[in-house]
Amino acid sequence: MVQNLTMRNQSERYQISEVQQDSRKLVLNWADGHQSRFHYIWLRDNCYCSECGDPRHGEKHFHVINVPEDIKPLSVDWDNDQGLKIIWSPDGHRSVYEPQWLRLHCYSTTERENRLHTPILWDREIATNLPLLAYEEVKSGDIGKLQMLESLRDYGICFLKNVPPRLGELESVAQLLGPIVESNYGRVFDIVITPEESRTSVANSGRRLMPHTDDAYQDAPPGIIFFHCLIASNDGSGQSIFVDGFELLQRLRQEDPEGFKLLSKYELCFRKRYDARIDMQTCEPIIHLDSRGNLKRVRISNLFAAPLDMPEEVIEPFYAAYRKLMRLYADNRYWLQLQLQPGELVVFDNYRILHGRTEIEMTNQCRHLRHCCVDRDYLHSQLRLLTHRLERT
Ligand code: OGA
Ligand code: ZN
Ligand code: ZN
């Protein structure tokens with residue numbers, strides 16, 4: 001019964017019930033009561049007939065500069081099976097739009113809101129219900145893989161168990177998502193204690209690492225990060241810490257909206273140097289919002305923060321806001337802290353999740369994690385492909 005209702009709603013959603021025209025746009029009323037308004041310039045620009053584009057490759061060959069200023073239809077015709085047909089003035093070009101395509105691209109406020117993805121924010125309570133999957137499930141089928149991708153999308157993080165603790169396995173897991181990208185530490189980076197003189201990263205020391213964005217000093221830091229545990233420390237030190245950066249920012253936004261605005265407006269510089277090989281610097285706001293004010297990215301790294309470089313009158317208010325955020329992120333109410341065990345792997349979104357570790361005791365230390373990265377674009381590409389494939393089966 002419920003299913004029938006859902007199917008009916010779905011089909012009403014994609015059924016046009018009435019079409020009206022005004023001088024600039026077409027007004028479509030749908031069987032479910034929704035109204036869409038499509039400007040003529042938008043409709044003409046989005047014709048994907050074989051002359052205007054190639055839908056198979058998502059390519060557009062038509063160019064918007066070729067739309068006349070006073071574009072309007074010579075005629076409009078529609079039928080829910082054949083679609084909406086428009087013949088355009090003045091050149092008589094014919095376009096056909098599928099009702100479902102139109103509804104999926106409707107730019108009314110409500111449909112744009114519906115299309116927005118809402119992340120599930122979390123704090124340390126997530127430990128009681130960890131997004132955790134068995135590697136076998138992820139490796140062997142679309143459903144398991146989709147679950148991993150959805151955890152990454154929704155929680156920004158996913159844990160896998162039963163990834164054999166040996167060399168090469170990390171790469172196999174990462175490649176389920178996409179090609180491994182080389183970072184300035186190499187393709188795969190071994191996090192093991194190394195002598196102070198030869199280390200290029202603080203990761204190879206025993207230092208505690210406060211939660212951070214990896215490589216915040218790069219214009220485009222790595223997107224998806226993998227840590228695979230081969231050997232856990234033998235004394236319970238060097239525990240991993242993960243923090244939902246979006247949860248912190250949401251708190252800050254509630255507690256100090258003005259401070260939040262400052263951190264999304266002014267850029268902080270981040271810098272990394274070692275030997276004569278690397279001197280990287282980038283300046284970006286800690287909080288990156290989309291045009292609607294939704295959180296898009298967070299970039300926090302105390303380790304690589306360079307001196308503030310902003311107007312004199314902003315220095316003190318910026319520090320006030322920055323310190324509030326830092327107090328929030330140092331509060332372990334937001335920390336998921338755990339000891340990764342051999343065979344466990346964690347994958348997370350470096351644009352949202354901050355990660356760190358507690359200090360590693362240096363006596364007889366054998367801890368070994370391996371690290372590599374994949375671009376975020378592959379996460380979203382795979383999500384679209386898999387969702388589409390599973391919907392069709
Ligand atoms: C790093 C890092 C965490 C760890 O290498 O950037 O955060 O658990 N390491 O060693
Ligand atoms: Zn066309
Ligand atoms: Zn790190």
Side-chain angles (χ1 to χ4, degrees), residues 119 121-123 152-153 155-158 174 181-185 189 191 200-204 207-227 240-253 260 262-274 278 280-290 294-308 318 321-332 334-337 346-358 369 371-380:
L121 305 185
W122 53 266
D123 57 21
L152 273 169
R153 180 194 62 194
Y155 299 95
I157 194 163
C158 184
V181 281
E182 192 146 333
S183 75
N184 67 70
Y185 309 109
F189 174 51
I191 305 177
T200 52
S201 166
V202 67
N204 298 117
R207 267 183 186 282
R208 150 173 120 131
L209 298 175
M210 284 295 278
H212 58 276
T213 307
D214 256 3
D215 302 357
Y217 46 82
Q218 290 183 194
D219 269 358
I224 304 294
I225 295 184
F226 299 76
F227 282 128
S240 299
I241 301 162
F242 301 95
V243 178
D244 183 359
F246 284 8
E247 163 72 10
L248 298 182
L249 296 182
Q250 205 53 35
R251 296 266 160 185
L252 182 74
R253 193 175 219 169
F260 180 90
L262 280 181
L263 299 186
S264 51
K265 176 170 178 191
Y266 289 97
E267 292 162 345
L268 189 61
C269 294
F270 301 91
R271 183 170 184 185
K272 159 97 175 180
R273 278 171 292 179
Y274 66 79
I278 294 279
M280 286 191 189
Q281 177 164 330
T282 195
C283 301
E284 287 289 335
I286 290 173
I287 306 170
H288 188 114
L289 302 175
D290 70 12
N294 297 307
L295 295 170
K296 208 165 172 189
R297 289 180 199 170
V298 56
R299 189 184 291 248
I300 291 181
S301 175
N302 187 62
L303 199 61
F304 298 115
L308 298 197
F318 188 93
Y322 188 40
R323 278 151 64 91
K324 257 188 210 150
L325 177 61
M326 289 309 196
R327 272 197 290 273
L328 276 177
Y329 109 121
D331 181 340
N332 68 9
Y334 302 110
W335 290 18
L336 167 63
Q337 183 172 327
V346 54
V347 42
F348 59 93
D349 181 353
N350 191 39
Y351 285 29
R352 166 175 171 189
I353 304 298
L354 310 171
H355 67 282
R357 67 161 187 237
T358 61
L369 299 189
H371 160 280
C372 74
C373 320
V374 168
D375 277 338
R376 284 176 95 243
D377 305 84
Y378 287 97
L379 163 65
H380 295 287

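This one's a predicted model, so the numbers in the text were calculated from it and none came from an experiment.
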Checklist outcome for this item: Value for OH (Tyr322) from CD1 (Ile286), rounded to nearest 0.5 Å, stands at 5.0 Å

Checklist entry - Partners of Val181 by side-chain contact (heavy atoms from CB on, under 4.5 Å), sequence neighbours excluded? => result Cys373, Asp375

Checklist entry - Is there a side-chain contact between Arg207 and Val202 (heavy atoms, below 4.5 Å)? => result yes

Checklist entry - Who passes side-chain hydrogen bond (donor to acceptor under 3.5 Å, both in side chains) against Arg153, sequence neighbours left out? => result His117

Checklist outcome for this item: In this structure, CE of Met326 is separated from CG of Leu248 (nearest 0.5 Å) by 10.0 Å

Checklist entry - If you round to the nearest 0.5 Å, how far is OG of Ser240 from CG of Leu369? => result 6.0 Å

Item to check | Minimum-distance pair of heavy atoms, taken over all atoms of Ser301 and Thr213 | outcome: CB-O, 4.2 Å

Item to check | By ring-ring contact (aromatic ring centres under 6.0 Å, His included) - contacts of Phe189 (at least two apart) | outcome: Tyr185, His371

Item to check | Enclosure of Phe304 CZ (heavy-atom neighbours >12, cutoff 6.0 Å) | outcome: yes

Checklist entry - Any donor and acceptor pair, going by atom type alone, linking the side chain of Asn350 with main-chain N or O of Ile225 inside 3.5 Å? => result no

Checklist outcome for this item: By ring-ring contact (aromatic ring centres under 6.0 Å, His included), Phe242 pairs with (sequence neighbours left out) Phe159, Phe348

Checklist entry - Is any side-chain heavy atom of Leu252 closer than 4.5 Å to a side-chain heavy atom of Leu263? => result yes

Next on the checklist: If you count every heavy atom of other residues, nucleotides or ligands that lies below 6.0 Å from Tyr378 atom OH, does the total exceed 12?
Outcome noted: no

Next on the checklist: Measuring only between side-chain heavy atoms, which start at C-beta, is Pro221 closer than 4.5 Å to Asp214?
Outcome noted: no

Checklist outcome for this item: Interatomic distance, CZ@Arg273 vs OH@Tyr217, rounded to 0.5 Å, equals 12.5 Å

Next on the checklist: I need the minimum non-hydrogen distance between Ala203 and Arg357, along with the two atoms involved.
Outcome noted: O-NH1, 3.0 Å

Checklist entry - Where do Leu308 and Tyr266 land on the side-chain contact (heavy atoms from CB on, under 4.5 Å) test, with the steps shown first? => result CA-CA 10 Å; Leu308 298 197; Tyr266 289 97; over 6 Å; no

Item to check | Trp122 side chain near Ile157 side chain, heavy-atom distance below 4.5 Å | outcome: yes

Checklist entry - Who passes salt bridge (Lys or Arg N to Asp or Glu O under 4.0 Å) against Arg253, sequence neighbours left out? => result none

Item to check | Contacts of Gln337 that satisfy side-chain hydrogen bond (donor to acceptor under 3.5 Å, both in side chains) - sequence neighbours left out | outcome: Gln239

Next on the checklist: List the residues meeting side-chain contact (heavy atoms from CB on, under 4.5 Å) with Lys296, not counting sequence neighbours, and say none if there are none.
Outcome noted: His288, Asp290

Checklist entry - With sequence neighbours left out, what residues match Glu247 under salt bridge (Lys or Arg N to Asp or Glu O under 4.0 Å)? => result Arg251

Item to check | Those residues that, when tested against Arg299, pass salt bridge (Lys or Arg N to Asp or Glu O under 4.0 Å) (two or more places apart) | outcome: none

Item to check | side-chain hydrogen bond (donor to acceptor under 3.5 Å, both in side chains) against Thr282, all qualifying residues, sequence neighbours excluded | outcome: Asp219

Item to check | Side-chain heavy atoms of Arg352 within contact of Leu121, under 4.5 Å | outcome: yes

Checklist entry - Quick one: does His355's side chain have a donor or acceptor within less than 3.5 Å of a partner on His212's backbone? => result yes

Checklist entry - Of all residues at least two apart in sequence or in a different chain, which pass the ring-ring contact (aromatic ring centres under 6.0 Å, His included) check with Phe226? => result none

Next on the checklist: Which residues pass the salt bridge (Lys or Arg N to Asp or Glu O under 4.0 Å) test with Asp377, not counting sequence neighbours?
Outcome noted: none

Checklist entry - When you check the side-chain N and O atoms of Asp331 and Tyr329, is any donor under 3.5 Å from an acceptor? => result no

Checklist outcome for this item: Exactly one of Ile353, Leu336, Asp123 clears side-chain contact (heavy atoms from CB on, under 4.5 Å) with Asp244, and that residue is Ile353

